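Here the structure comes first, spelled out in structure tokens, and everything after it is commentary.
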Amino acid sequence: MPGKLSIAAPVALAHADAIAVHVKNDATGGTTRRFVASYVLGLHRTEKGWRIDRFETG
């Protein structure tokens, strides 16, 4: 499912699910690890564009 975005100018709230794969050839117990996480990003609009003002994992 793609991320969700809710905008009520000049603020926005984004939700994203992500998968990251990390490879370390000399790691013990296997060379590849997979991480799954959900993120919530709060943003506000400034004169310089959108800026993140909230970052949560869940």
Side-chain angles (χ1 to χ4, degrees):
M1 179 174 146
K4 298 175 189 174
L5 181 64
S6 174
I7 300 175
V11 297
L13 189 62
H15 174 267
D17 297 317
I19 298 173
V21 177
H22 296 248
V23 177
K24 185 176 180 184
N25 291 329
D26 61 349
T28 56
T31 59
T32 305
R33 292 186 180 180
R34 188 174 84 150
F35 300 90
V36 179
S38 295
Y39 300 95
V40 175
L41 301 170
L43 304 108
H44 68 275
R45 188 172 208 140
T46 70
E47 293 176 359
K48 295 181 179 182
W50 289 95
R51 299 292 184 253
I52 296 172
D53 63 4
R54 175 180 166 189
F55 180 83
E56 297 178 15
T57 59

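On a predicted model such as this, the values are computed, not experimentally measured, just so you know.
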side-chain contact (heavy atoms from CB on, under 4.5 Å) partners of Thr28, counting only residues at least two apart: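 Partners of Thr28 under the side-chain contact (heavy atoms from CB on, under 4.5 Å) test: none.
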What pairs with Thr57 under side-chain contact (heavy atoms from CB on, under 4.5 Å), at least two apart in sequence or on another chain?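 Only Tyr39, Phe55 meet the side-chain contact (heavy atoms from CB on, under 4.5 Å) criterion with Thr57.
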Which pairs pass salt bridge (charged side-chain N to carboxylate O under 4.0 Å, His left out) with one or both residues in residues 35-55, sequence neighbours excluded?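 Listed by first then second residue: Arg54-Glu56.
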Val11 reachable from Leu13 in the ILVMFWY side-chain graph, under 4.5 Å edges: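 No, it is not one cluster - the side chains of Leu13 and Val11 are not joined through contacts under 4.5 Å.
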Going from CG on Leu41 to NE2 on His15, what distance comes out if it is rounded to the nearest 0.5 angstrom?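 Reported to 0.5 Å precision, the distance equals 9.5 Å.
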Any chance you could measure Thr31, atom OG1, to Lys24, atom NZ, to the nearest 0.5 Å?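 Between Thr31 OG1 and Lys24 NZ, I get 11.5 Å after rounding to 0.5 Å.
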Which pair of non-hydrogen atoms, one from Pro10 and one from Trp50, has the smallest distance, and what is that distance?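 Answer, listing the atom of Pro10 first, then Trp50: O-CZ3, 3.6 Å.
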